[in-house]
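Here the structure is laid out as structure tokens; the discussion comes afterwards.
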Number of protein chains: 2
Amino acid sequence: MKKKISEMESQFKEHRLTPQRRLVLEIFLENKERHLSAEEVFQLSREKGEEIGLATIYRTLELLEALGLLRKMNFGDGRSRYELVQLDLTEHHHHHHLVCLSCSRIFEVEEDFLHQLEEIIEQKHHFSIVNHNLQFFGYCKYCRQDV
Amino acid sequence: MKKKISEMESQFKEHRLTPQRRLVLEIFLENKERHLSAEEVFQLSREKGEEIGLATIYRTLELLEALGLLRKMNFGDGRSRYELVQLDLTEHHHHHHLVCLSCSRIFEVEEDFLHQLEEIIEQKHHFSIVNHNLQFFGYCKYCRQDV
DNA sequence: TTCCGTGCAAATAATTTGCATCGAT
DNA sequence: ATCGATGCAAATTATTTGCACGGAA
């Protein structure tokens with residue numbers, strides 16, 4: 001864990017890696033599978049017994065996104081959520097999300113199936129793609145009532 | 001236009017098609033290519049010289065979505081946007097969106113490329129998909145500086 | 001000392017809700 | 001008379017901002 005954070009320190013050229021910023025990063029590293037909102041980060045920090053202001057969390061999330069360490073997402077629940085950018089994957093690799101309409105859990109599809117599609121779209125629409133967002137909404141294996 | 005709305009009336013079984021609701025529908029029919037926020041619908045109705053409360057618009061958008069006439073979308077600009085569901089397309093046909101990071105315009109990709117992909121994912125993840133959302137972020141043909 | 005970062009509280013912005021009233025059945 | 005729909009204002013929720021303080025370079 002510490003190792004991971006120190007690896008990330010190199011990203012903090014102009015910005016200080018303060019205890020608060022480190023705390024937020026830690027929380028994401030300890031919750032890799034989750035997509036946390038500012039409020040949830042706030043709760044998790046309280047559970048760790050750490051003091052941090054909510055405004056600081058918002059500012060930190062914004063900074064970490066700008067540094068490319070977090071990715072801002074929106075799953076339609078009225079608040080922004082962030083996920084850790086997996087540094088070990090190639091820059092253009094993005095996974096997709098399965099959002100359960102019943103339990104709200106979010107599952108990940110590791111493969112990125114959109115390379116070819118992006119090429120087609122770039123040519124056809126003269127649109128230069130830098131990112132994409134693919135979400136599937138439905139019912140997860142725990143919530144499906146069928147069979 | 002009137003014809004289109006009367007076709008939609010059949011959807012209003014339990015709900016009255018009031019002047020306000022008709023107005024909101026009209027605005028979407030007159031702006032098929034746009035993805036309107038509640039506030040924008042409010043502005044457009046004022047431009048038409050019609051009186052309608054913003055709260056009513058929010059409630060109407062919610063209703064029209066529940067009736068399957070509008071689709072709620074989120075493009076990451078901090079407000080929900082709605083688009084008209086094209087009734088003449090097959091139920092499972094969804095288009096995709098190109099969101100320009102420079103001018104914020106939204107372009108549509110008419111084709112739905114995700115059928116096969118959905119089948120693969122449904123099997124692999126035991127997830128029953130009922131909807132999806134695919135957005136590409138980048139620079140549109142008007143904003144690209146290259147060449 | 002000079003900045004940057006933080007916390008708190010106030011300000012914004014989007015959306016929702018309570019409630020009295022209006023209008024169609 | 002009843003019940004759904006509306007408008008307004010107040011309430012909520014998420015997020016941002018102003019500002020004084022504190023600590024590191």
Side-chain angles (χ1 to χ4, degrees), chain A residues 5 8-9 11-27 34-46 48-67 69-83 104, chain B residues 5-6 8-9 11-28 34-46 48-67 69-83 104:
Chain A
I5 289 187
M8 291 173 164
E9 278 178 26
Q11 315 259 350
F12 285 83
K13 290 163 192 168
E14 311 292 316
H15 307 274
R16 304 219 310 269
L17 183 47
T18 62
Q20 289 88 340
R21 291 172 178 175
R22 183 181 287 268
L23 171 62
V24 172
L25 266 179
E26 263 179 28
I27 286 173
R34 296 180 62 184
H35 300 76
L36 302 170
S37 65
E39 186 65 34
E40 286 172 344
V41 172
F42 185 65
Q43 297 304 333
L44 288 168
S45 58
R46 308 194 109 239
K48 286 168 76 92
E50 302 287 342
E51 288 277 318
I52 183 172
L54 188 51
T56 302
I57 290 176
Y58 275 104
R59 283 185 281 231
T60 301
L61 293 174
E62 188 182 16
L63 173 65
L64 296 178
E65 190 201 7
L67 293 178
L69 299 175
L70 295 182
R71 184 179 297 122
K72 191 176 190 173
M73 315 237 59
N74 195 302
F75 296 103
D77 66 344
R79 70 196 73 187
S80 293
R81 294 180 171 279
Y82 292 81
E83 69 176 11
S104 298
Chain B
I5 288 188
S6 64
M8 290 173 163
E9 279 178 24
Q11 314 259 349
F12 285 83
K13 290 163 193 169
E14 312 292 316
H15 307 275
R16 302 221 311 270
L17 183 46
T18 63
Q20 288 88 341
R21 290 172 178 174
R22 181 180 287 269
L23 171 63
V24 173
L25 266 179
E26 263 178 29
I27 286 171
F28 275 93
R34 297 179 62 185
H35 301 75
L36 302 170
S37 65
E39 187 65 33
E40 286 172 343
V41 172
F42 185 64
Q43 297 304 333
L44 288 168
S45 58
R46 309 194 109 240
K48 286 168 76 89
E50 303 286 343
E51 288 277 317
I52 183 173
L54 188 53
T56 302
I57 291 176
Y58 275 105
R59 283 185 283 230
T60 300
L61 293 174
E62 189 182 16
L63 173 65
L64 296 178
E65 191 201 7
L67 293 177
L69 299 175
L70 295 183
R71 184 178 298 120
K72 191 176 189 173
M73 314 238 59
N74 195 302
F75 295 104
D77 65 344
R79 69 197 73 188
S80 293
R81 295 180 171 279
Y82 292 81
E83 69 177 13
S104 297

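None of these values were measured; they are calculated from a predicted model. Side chains included, hydrogens not; waters and symmetry mates left out as well; all remaining heavy atoms used. Quick note on labels: first sequence line is chain A, next is B, and so on, each numbered from 1.
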Query raised in the report: Would you say the side chain of Leu64(B) lies within less than 4.5 Å of the side chain of His15(B), judging by non-hydrogen atoms?
Result: no
Requested in this report: Begin with the C-alpha distance, continue with both residues' side-chain angles, and end with the deciding distance and a verdict on side chain to side chain contact (heavy atoms under 4.5 Å, CB included) for Leu69(B) and Arg21(B).
Outcome: CA-CA 12 Å; Leu69(B) 299 175; Arg21(B) 290 172 178 174; over 6 Å; no
Tell me which donor-acceptor pairs under 3.5 Å the side chains of residues 53-60 of chain A have, and how far apart each pair is, sequence neighbours excluded?
| unit_1 | atom_1 | unit_2 | atom_2 | d |
| --- | --- | --- | --- | --- |
| Thr60(A) | OG1 | Thr56(A) | O | 2.7 |

Requested in this report: List in chain and number order the residues that pass side chain to side chain donor-acceptor pair (under 3.5 Å) with Glu83(A), two or more places apart in sequence or in another chain; answer none if no residue qualifies.
Outcome: His35(A), Arg71(A), His95(A), His97(A)
Query raised in the report: Residues two or more places apart in sequence or in another chain: which of them pass side chain to side chain donor-acceptor pair (under 3.5 Å) with Glu39(B)?
Result: Gln43(B)
Report task. With sequence neighbours left out, write down each residue that passes side chain to side chain donor-acceptor pair (under 3.5 Å) with Arg81(A), or none if nothing qualifies. Result -> Glu40(A), Asp77(A)
Report task. Measure the shortest side-chain to side-chain distance between Gln20(A) and Thr18(A) over non-hydrogen atoms and say whether it is less than 4.5 angstrom. Result -> yes
Query raised in the report: Is there a side-chain contact between Arg79(A) and Asn74(A) (heavy atoms, below 4.5 Å)?
Result: no
Report summary line: Output field dot_bracket for DNA chain D (Watson-Crick or G-U, both distances under 3.5 Å, | for other-strand pairs) contains |||||||||||||||||||||||||
**Report entry** Nucleotide dG18(C), atom P - distance to OH of Tyr58(B) in whole Å
**Finding:** 17 Å
**Report entry** Letter per nucleotide, 5' to 3', of nucleotides 2-13 of chain D [B base touched, S only sugar-phosphate touched, - untouched; heavy atoms, 4.0 Å]
**Finding:** ---SBBB-----
Query raised in the report: Closer than 4.0 Å, any side-chain N/O of Ser80(B) to the OP1 or OP2 of dA14(C)?
Result: no
Report summary line: Whole-Å distance, Asp77(A) CG to dT16(C) P, equals 13 Å
Query raised in the report: Which residues within residues 35-46 of chain A lie with some heavy atom under 4.0 Å of an atom in DNA chain D?
Result: none
Query raised in the report: Sequence neighbours excluded, which residues qualify as side chain to side chain contact (heavy atoms under 4.5 Å, CB included) partners of Glu65(A)?
Result: Lys72(A), Tyr82(A)
Query raised in the report: Stepwise, does the side chain to side chain contact (heavy atoms under 4.5 Å, CB included) test hold for Arg46(B) with Ile52(B)?
Result: CA-CA 8 Å; Arg46(B) 309 194 109 240; Ile52(B) 183 173; over 6 Å; no
Query raised in the report: Whole Å only: how far is the CG atom of Leu64(A) from the P atom of dG5(C)?
Result: 12 Å
